[in-house]
Amino acid sequence: MSTSPQIVDSTNKLFKQRYEKECLRVNGFMKWLMIAQWFTGVVFATYFSPLTWIGNHFELHVHVWASILIGGSLSGFAILWLRIYPTAPHSRHVVAITQMLWSALLIHLSGGRIETHFHVFASLAILSIYRDWTILITATAVVAVDHFVRGVFYPL
């Protein structure tokens, strides 16, 4: 039994409309997640390493500045990208890259604690809400490159 081309076209159109609607809903969630991660990163850095002491002089630790500036840049870029290109497929890949870079930043802020490595797995689970396997490939590639670059240039 063969289906008519009109049925196939209307089915594909309905699927695309539904998928774009779902992606917009997930994008809204990801915007809030980016804000929450930024806030959490700043609190995390402030709690674990708020000040550095050099003799009688003390100042904010570089981790606090990194969480504010790098974390704000990551979250701000992803949120801006989702606002400019809300339904574009590449927006989801930008979110995946940003989410994995957040994992790398939180791992760095914690000094490589094993518990923060689970942020990678949680991020992959959250990104799976998009229901697109290519996004998981992008996220996994970012983690692999991050591990390679850190292993070569910044081994701890």
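Not measured: the values here are computed from a predicted model. Counting from 1, the numbers follow the sequence of the chain as shown.
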Does OH belonging to Tyr19 count more than 12 external heavy atoms closer than 6.0 Å?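 Correct, the count exceeds 12.
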With no hydrogens and no angle check, is any side-chain donor or acceptor of [X] less than 3.5 Å from a backbone partner on [Y]?
X      : Y      : value
Thr98  : Ala78  : no
Ser67  : Val64  : yes
His108 : Ala104 : no

Is [Y] reachable from [X] through a run of I, L, V, M, F, W or Y residues, each pair having side-chain heavy atoms under 4.5 Å apart?
X     : Y      : result
Leu74 : Trp65  : yes
Val95 : Ile129 : yes
Val94 : Val142 : no
Val62 : Val43  : no
Ile70 : Tyr47  : yes

From the options Leu127, Ile79, Ile35, select the one residue that forms a side-chain contact (heavy atoms from CB on, under 4.5 Å) with Met30.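 Exactly one pass, corresponding to Leu127.
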Parallel, tilted or perpendicular, as decided by the 30° and 60° cut-offs, for the rings of Trp81 and Phe77: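 Phe77 and Trp81: tilted rings.
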As an exercise, state the distance from [atom1] of [X] to [atom2] of [Y], rounded to the nearest 0.5 Å.
X      : Y      : atom1 : atom2 : value
Trp32  : Gln37  : CH2   : CD    : 14.0 Å
Asp132 : Thr138 : CG    : OG1   : 8.5 Å
Thr116 : Leu105 : OG1   : CG    : 10.5 Å
Leu24  : Leu82  : CG    : CG    : 9.5 Å
Glu115 : Ile107 : CD    : CD1   : 11.0 Å
Tyr130 : His93  : OH    : NE2   : 10.5 Å

We want to know whether Ser123 and Gln99 form a side-chain donor-acceptor pair, criterion being a heavy-atom distance below 3.5 angstrom.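 Per modelled atom types, Ser123 and Gln99 side chains form a pair under 3.5 Å.
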Which pair of heavy atoms, one from [X] and one from [Y], lies closest together, and at what distance?
X      : Y      : answer
Ala45  : Leu109 : CB-CD2, 4.3 Å
His117 : Gly112 : CE1-O, 3.5 Å
Trp38  : Gly72  : NE1-N, 3.2 Å

Working note: Thr140 + Leu124, criterion side chain to side chain contact (heavy atoms under 4.5 Å, CB included); need CA distance, chi angles, decisive distance, verdict. CA-CA 8 Å; Thr140 304; Leu124 288 171; 4.2 Å; yes
Side chains of [X] and [Y]: does their closest heavy-atom pair fall under 4.5 Å?
X      : Y      : result
Lys16  : Lys13  : no
Arg83  : Pro86  : no
Met34  : Trp102 : yes
Asp146 : Met100 : no

